[in-house]
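Written below as structure tokens is the structure these notes are about.
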2 protein chains.
Amino acid sequence: MLPGFAPRLSHRFILEGKTITNKKAEIREIYTGRIIAAAEEVFALKGFKGATTQEIADRAGLPKANVHYYFKTKEILYNAVLEDVVVVWKKDADAFDQSKDPTVALTEYIKSKMFHSFTRPSGSKVWANEIIHGAPVLGDEKLGKFLNIWEKRKTIQIRRWIKHGKILPVDPHYLLFMIWATTQHYADFEHQISVLNGKKALSKDQQEQATKNVIGIILRGIGLESEV
Amino acid sequence: MLPGFAPRLSHRFILEGKTITNKKAEIREIYTGRIIAAAEEVFALKGFKGATTQEIADRAGLPKANVHYYFKTKEILYNAVLEDVVVVWKKDADAFDQSKDPTVALTEYIKSKMFHSFTRPSGSKVWANEIIHGAPVLGDEKLGKFLNIWEKRKTIQIRRWIKHGKILPVDPHYLLFMIWATTQHYADFEHQISVLNGKKALSKDQQEQATKNVIGIILRGIGLESEV
DNA sequence: GTCTATAACGCGATAGAC
DNA sequence: GTCTATCGCGTTATAGAC
């Protein structure tokens, strides 16, 4: 086909209508997904400023300009990554509400968070970075909104357990901080842990052992017998 | 005094000798100290790439060129900050060895680390940043060296306690990770904690409560009765 | 919707006067 | 040892051909 005679996109759009529209939306979904996944890794590894759109584009397998086509600015892309992380953690939070029994609820919650720390550490790292720097992009308002989702119901539930003598009296916040800190440590400090483990990532077996240990210490620490 | 007739530094140096030399060394010490302190805060707040030498200079109260005079490159300055953090944590590690009794040793260790998290959060944040990004500046070798200092003796001691039935059998590494994670969380996630605390930093009283809770849960978690 | 080429800018680092 | 002015590079973002 001679140059200049390639069918114009507008023609095809008019000719084939809905099919092309769907295809476009589909392509958009595929690419934005790929870009976000690539961005999550690069932001985790380099920080917001340290990450370059070029590297993100390379990892996503497309030219830099296309990244800017789907996400106007680096900051908008960064926000999309953060939103994605929040979605994952929301699911962990749900695990907490699966049972009225403290042993079950806490065990499931910690298991969930440990699982995500091992399988998707980058998201946690991006979040940690954002918080360490004082939530400059997320902003305090949005941050407060997210935190309340994770904290409010749990705090109430924990107080109820204390009231009914099911667990020892501890301030719910400090217990939650300990769970968040310990579980997310396996994602955020992955590198440090692997260096201490002879430069090897924790094996599946070690991951299970770590999860058991964490559950065991925390549950016993508040007066429960752990099931694992 | 007319321009061009200001006394040359070399003259004064020859005339007054040692006094000037001392003064110079003194000035150097004062400025390098100020620069490192300023750098620690800016690196903590913005990350390595995000921090600008201009902002560090501003905080230290001198022109940007002077920062480069004392620290040839940004990376050299960053390394100096990291070394400083390690010195502080080395002291915390010593607290662990103050007693052969697990309750005392662990209580003192956690207290020390919590204290530094509250009083000097920036150092911990810089460290966290460096590890999250895979220790690109520190390098694995240096990192391994530091970690061994903090971990080796503690691991041995913990195993001894387990052997003598003083604490429940837990993998020493997972216990140490929990202590590091939980205590450093109060530094690294300071901002998140303050947002959950109604946008106010934890009060002295809350800091004490947090410390008590952390010690209580961890010690009870490994089968000890906490003293606090 | 894709991609190359480039504009516009901020930053680390330094030269060179004082 | 101090400081201003500036160089040179790397980066985000965009213009404009296809």
Side-chain angles (χ1 to χ4, degrees), chain A residues 1-16 19-32 34-35 39 42-43 46-58 60-79 137, chain B residues 1-16 19-35 38-39 42-43 46-58 60-79 137:
Chain A
M1 197 178 285
L2 289 168
F5 281 85
R8 310 295 301 171
L9 200 55
S10 54
H11 291 169
R12 281 166 64 193
F13 185 73
I14 290 165
L15 286 172
E16 303 177 33
T19 312
I20 295 294
T21 310
N22 285 350
K23 199 138 216 159
K24 269 183 174 178
E26 206 179 295
I27 287 174
R28 168 171 286 271
E29 208 162 318
I30 290 169
Y31 279 153
T32 53
R34 251 201 246 171
I35 293 167
V42 179
F43 282 132
K46 306 288 179 72
F48 179 74
K49 269 276 181 182
T52 64
T53 49
Q54 183 64 65
E55 190 176 348
I56 293 169
D58 289 349
L62 36 77
K64 188 174 62 160
N66 295 32
V67 172
H68 277 103
Y69 172 74
Y70 288 112
F71 298 92
K72 198 100 177 75
T73 69
K74 191 180 171 180
E75 191 172 318
I76 289 172
L77 172 54
Y78 181 75
N79 256 308
V137 179
Chain B
M1 197 178 286
L2 291 166
F5 280 84
R8 309 296 301 174
L9 198 58
S10 53
H11 291 168
R12 282 164 64 190
F13 185 73
I14 290 164
L15 286 173
E16 302 176 33
T19 312
I20 295 295
T21 311
N22 285 350
K23 198 137 217 159
K24 270 183 175 177
E26 207 178 295
I27 287 174
R28 168 170 285 272
E29 209 162 315
I30 290 170
Y31 280 154
T32 53
R34 250 199 246 170
I35 292 167
V42 180
F43 282 131
K46 306 287 180 73
F48 179 74
K49 270 276 182 179
T52 64
T53 50
Q54 184 64 63
E55 189 176 349
I56 293 170
D58 288 349
L62 35 76
K64 186 174 65 160
N66 294 32
V67 171
H68 277 102
Y69 172 73
Y70 288 111
F71 298 91
K72 199 99 175 75
T73 68
K74 191 181 173 181
E75 191 172 318
I76 290 172
L77 172 54
Y78 181 76
N79 257 306
V137 179

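Chain identifiers are assigned alphabetically (A, B, ...) following the order of the sequence lines, protein sequences preceding nucleic acid strands; residue numbering begins at 1 within each chain.
- Donor-acceptor pairing under 3.5 Å is recorded for the side chains of A/Gln54 and A/Asp58.
- Of the possible donor and acceptor atoms, one in the side chain of B/Lys74 sits under 3.5 Å from a partner among the backbone N and O of B/Ala51.
- Following rounding to the nearest Å, B/Arg34 (CZ) and D/dG1 (P) show an atom-to-atom distance of 15 Å.
- Between B/Tyr70 and D/dT2 there is a side-chain polar atom (N or O) within less than 4.0 angstrom of OP1 or OP2.
- Residues A/Gly50 and A/Ala65 each lie close to DNA chain D; by heavy-atom proximity, the contact nearer the 5' end of the strand is made by A/Gly50.
- Remark: B/His68 is not in phosphate contact with C/dT14, judged by side-chain N or O atoms under 4.0 Å from OP1 or OP2.
- Ring planes of B/Phe48 and B/Phe43: parallel class, angle under 30° (limits at 30 and 60°).
- When distances run from any side-chain atom of B/Lys24 to the nucleotides D/dG1, D/dT2, D/dA13, the shortest one goes to D/dG1.
- Using a 4.0 Å heavy-atom criterion, one finds that B/Ala51 contacts the sugar-phosphate atoms exclusively.
- For the pair B/Tyr70/B/Arg34, no side-chain contact is recorded, criterion being any heavy-atom separation below 4.5 Å from C-beta on.
- Between D/dT11 and A/Thr52, no contact under 4.0 Å exists linking OP1 or OP2 to a side-chain N or O.
- Atom P of nucleotide D/dA13 and atom CD1 of A/Ile56 are separated by 10 Å, given to the nearest angstrom.
- Between C/dA13, D/dC3, C/dT2, one nucleotide has an atom nearer to the side chain of B/Pro63 than all others, and that is D/dC3.
- In this structure, A/Asn66 atom CG and D/dA13 atom P are separated by 15 Å, rounded to whole Å.
- Contact annotation: the side chain of B/Phe71 approaches that of B/Thr32 to within less than 4.5 Å [non-hydrogen atoms, C-beta and beyond].
- Protein atom CD1 of B/Ile27 is 11 Å distant from nucleotide atom P of D/dC3, rounded to whole Å.
- In this structure, A/Lys72 reaches the D/dT14 phosphate: one of its side-chain N or O atoms is under 4.0 Å from OP1 or OP2.
- Across the protein-nucleic acid pair, B/Gln54 atom CD and C/dC11 atom P stand 9 Å apart, rounded to whole Å.
- With D/dT2, D/dA13, C/dA13 as the candidates, the nucleotide lying closest to the side chain of A/Lys74 is D/dA13.
- If you measure from atom NZ of A/Lys64 to atom C1' of C/dA7, you get 11 Å, rounded to the nearest angstrom.
- For the pair A/Tyr31 OH and C/dC3 C1', the computed distance is 12 Å after rounding to whole Å.
- Regarding B/Glu55, its CD atom lies at a distance of 18 Å from the C1' atom of C/dA13, rounded to whole Å.
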